[in-house]
Amino acid sequence: MVSVPQQRPHAPPRRGDPAFTGNLPAYRPDRDHHTGSFAAVQTGAMPRIQRSRVVEASERPRRMAGRGRAGRPMLVLLFWAGLTFSLLPWWWDTAAGSVTDAAAAYTAGGQITGMIAGYLLLIQILLMSRVGWLERSVGAAEVLGWHRDLGALLLVVVLAHASLITVGYAALDGATLLHESRVILGSYEDMISAYLATGILTAVGVMAIRRIKNAMPYELWYYLHTTSYLVLLLGYGHQFAGGANLLPGTFGRYYWTALNIFVVLCLVWGRVILPLRLNLRHRLRVLEVVHEGPDIFSIYVHGRRLSELQAQAGQFFRWRFMTGGCWWQAHPFSLSAAPNDRWLRVTVKAVGDHTEQLRWLDPGVRVFIEGPSGAFTASRRTRNRALLIAAGSGIAPIRALLEDLPRGAVVLYRASTVEDLIFRRELDWLAEARAAEVWYILGGRDDPAPRRAMSPRGMRELVPDVAGRDVYLCGPEGMVSAAVATLRKLRVPRRQIHLDPFEF
Ligand SMILES: Cc1cc2nc3c(=O)[nH]c(=O)nc-3n(C[C@H](O)[C@H](O)[C@H](O)COP(=O)(O)OP(=O)(O)OC[C@H]3O[C@@H](n4cnc5c(N)ncnc54)[C@H](O)[C@@H]3O)c2cc1C
């Protein structure tokens, strides 16, 4: 059980405050108790829906709806176009019919894999640069998924490059592999740093294996992982010194130089300039920490010009609380209320050392944020109506989204017991204000009633028009994958299912 300091230094921004949300009419205390159209599914038979739903189909998806999905094909196209241009110098410089024997074939393979490796490394760094246009196009989780997949491919390609070049040169010279390796290391320019880069990349690749990663403290893993920036630095000289197709004055030279400059500029922009500008402009400080439920608390933050913060409900920031023990770590937390001009709120579940410390934050502590990130927003929707499914701390972005989505949304909120439910009064109030239905689905993992509620039949009973809705899901992995399986059985198209995984 939590013991958040109960004494409040000053009145917190709560309901009744006209700025409680940016998007809703002021809260009316006389209707606070009204339950709107919410109901609880507990043990026993599935109750019938008690009130008819109000669905205002006149609310059309916004112009930007589905923008995230449209961004993906464009990025994929750019990726392949970039790769093609990266290989062109080799194609132009290699005379037709010149690859006649095994030695030439190995060497050509080595050159091609070298160029692919250089390109993939730049893409990897671009994916982690946190430039807004990239994360907005497909979402931070998908960007990270690409980074993970390409990371494995990059390692394979780098090792193939080193092996093929060594085998090819050894065959040309008629030398042993060991002798050729020594020659390459000793007599080619920038080879020591290239070998070092390969070593770092291999170590980072091994540490990315899930089991190894999970066995390490997250922060240690993270800081070791960031050494991969050194790979770019160490490999840069080798690319140009060893790249026979990148001689000064050639297209290859200009193209590869431009590519490197572009990626480094994105990195500096996304990681340094944007966060500095954001934090100098808003100067955030902790306002208050409020207990919400067992091991869950909300952190209210205030600052200057909050109305100018370009964030949407459902997005997350990386939060760095500038106090002893916390300042050196930035952790992602989603906004748990739509941004407004008075305060921001995140709702945190204490799961480890850092989140445990946050509940003791004092008012006035300086906060440094990076973001906003993520595409789990109302602008992603493709339909006029939405279904929101949450469990655990996943209710945080779902609660915020309910403010931003069209009226008539349905919320399924899964929890073990009624004590585990948070934001119950807020959800109740939002159900009223947004003509939404909120269903609390209570019970243990093996209880028949919640299992049934989350089955295709149960979900169809609760949300008969589920296939015509966008579905936003956030919660523990097991609940999310079971719900997605149910939704697919109910023929909800994949493009209508939006996930917000809380794990990177
Ligand atoms: C996009 C996103 C949004 C999130 N929103 C919320 C939210 O609104 N409310 C909430 O309670 N939790 C949220 N989380 C989860 C939250 O970030 C982690 O629970 C928290 O960072 C755990 O830190 P810890 O040191 O206390 O726990 P630990 O025990 O050290 O870590 C538990 C797990 O959290 C993850 N984690 C730890 N540190 C970081 C980090 N710096 N960056 C990314 N992941 C990390 C790792 O997977 C780790 O295994 C979100 C996570 C993501 C990725």
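One-based numbering, in listed order, for ligands and for the atoms of each. Heavy atoms only: backbone and side chains are in, while hydrogens, waters and symmetry mates are out. Nothing fancy with the numbering, it's 1 onward along the sequence.
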Report yes or no: do [X] and [Y] form a side-chain donor-acceptor pair below 3.5 Å?
{"X": "S336", "Y": "R345", "result": "yes"}
{"X": "E219", "Y": "H331", "result": "yes"}
{"X": "T382", "Y": "Q496", "result": "no"}

For [X], the ligand 1 atoms whose distance to one of its heavy atoms is below 4.0 Å:
{"X": "D353", "answer": "26 (O)"}
{"X": "E219", "answer": "38 (N), 41 (N)"}
{"X": "V348", "answer": "11 (O)"}
{"X": "S334", "answer": "3 (C), 4 (C), 5 (N), 6 (C), 7 (C), 8 (O)"}

Between [X] and ligand 1, find which residue part has any heavy-atom pair under 4.0 Å and reply side chain, backbone, both or neither.
{"X": "A330", "result": "backbone"}
{"X": "R318", "result": "neither"}
{"X": "P332", "result": "both"}
{"X": "Y218", "result": "side chain"}

*Other residues, nucleotides, ligands: >12 heavy atoms within 6.0 Å of R366 CZ*: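 Yes.
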Taking both backbone and side-chain atoms of [X], is any N or O found less than 3.5 Å from an N or O belonging to ligand 1?
{"X": "F333", "answer": "no"}
{"X": "E356", "answer": "no"}
{"X": "G352", "answer": "yes"}
{"X": "T347", "answer": "yes"}
{"X": "Q329", "answer": "no"}

*Going from OH on Y236 to CG on L122, what distance comes out if it is rounded to the nearest 0.5 angstrom?*
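Answer for the OH-CG pair, Y236 versus L122, is 10.0 Å.
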Is at least one protein non-hydrogen atom found at under 4.0 angstrom from [atom]?
{"atom": "atom 19 (O) of ligand 1", "result": "yes"}
{"atom": "atom 31 (O) of ligand 1", "result": "no"}
{"atom": "atom 15 (C) of ligand 1", "result": "yes"}

Check ion pair [X]-[Y] (N to O, under 4.0 angstrom):
{"X": "D465", "Y": "R469", "answer": "yes"}
{"X": "E403", "Y": "R399", "answer": "yes"}
{"X": "E370", "Y": "R271", "answer": "no"}

Which residue and heavy atom of the protein sit nearest [atom], plus the separation:
{"atom": "atom 51 (C) of ligand 1", "result": "F502 O, 3.1 Å"}
{"atom": "atom 21 (O) of ligand 1", "result": "H331 ND1, 2.6 Å"}
{"atom": "atom 22 (C) of ligand 1", "result": "V351 CG2, 3.7 Å"}
{"atom": "atom 11 (O) of ligand 1", "result": "K349 N, 2.7 Å"}
{"atom": "atom 47 (O) of ligand 1", "result": "E503 CG, 3.5 Å"}
{"atom": "atom 26 (O) of ligand 1", "result": "T355 OG1, 2.5 Å"}
{"atom": "atom 25 (O) of ligand 1", "result": "H354 CB, 3.2 Å"}

*Do the ring planes of F79 and Y119 sit parallel (below 30°), tilted (30 to 60°) or perpendicular (above 60°)?*
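Answer is tilted, since the angle falls between 30° and 60°.
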*From the options Y223, Y222, W221, select the one residue that forms a ring pair (Phe, Tyr, Trp, His ring centres under 6.0 Å) with H225.*
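So, applying the ring pair (Phe, Tyr, Trp, His ring centres under 6.0 Å) to H225 and each of Y223, Y222, W221, only W221 qualifies.
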*Do you know which of R130, Q315, E135 makes side chain to side chain donor-acceptor pair (under 3.5 Å) with S373?*
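Considering R130, Q315, E135, a side chain to side chain donor-acceptor pair (under 3.5 Å) with S373 is found only for E135.
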*At a 4.0 Å cut-off, with the gap strictly under it, does some heavy atom of Q357 reach an atom of ligand 1?*
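So Q357 does not count as touching ligand 1.
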*Hey, which of V263, N260, V231 is the one that makes side chain to side chain contact (heavy atoms under 4.5 Å, CB included) with I125?*
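Considering V263, N260, V231, a side chain to side chain contact (heavy atoms under 4.5 Å, CB included) with I125 is found only for V263.
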*asked:* Looking at every non-hydrogen atom in both residues, tell me the closest pair between I389 and I398 and how far apart they are.
replied: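 Here I389 and I398 meet closest at O-CD1, 3.9 Å.
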*asked:* Within the 4.5 Å heavy-atom criterion, are T347 and I296 side-chain neighbours or not?
replied: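 Yes, close enough: below the 4.5 Å cut-off.
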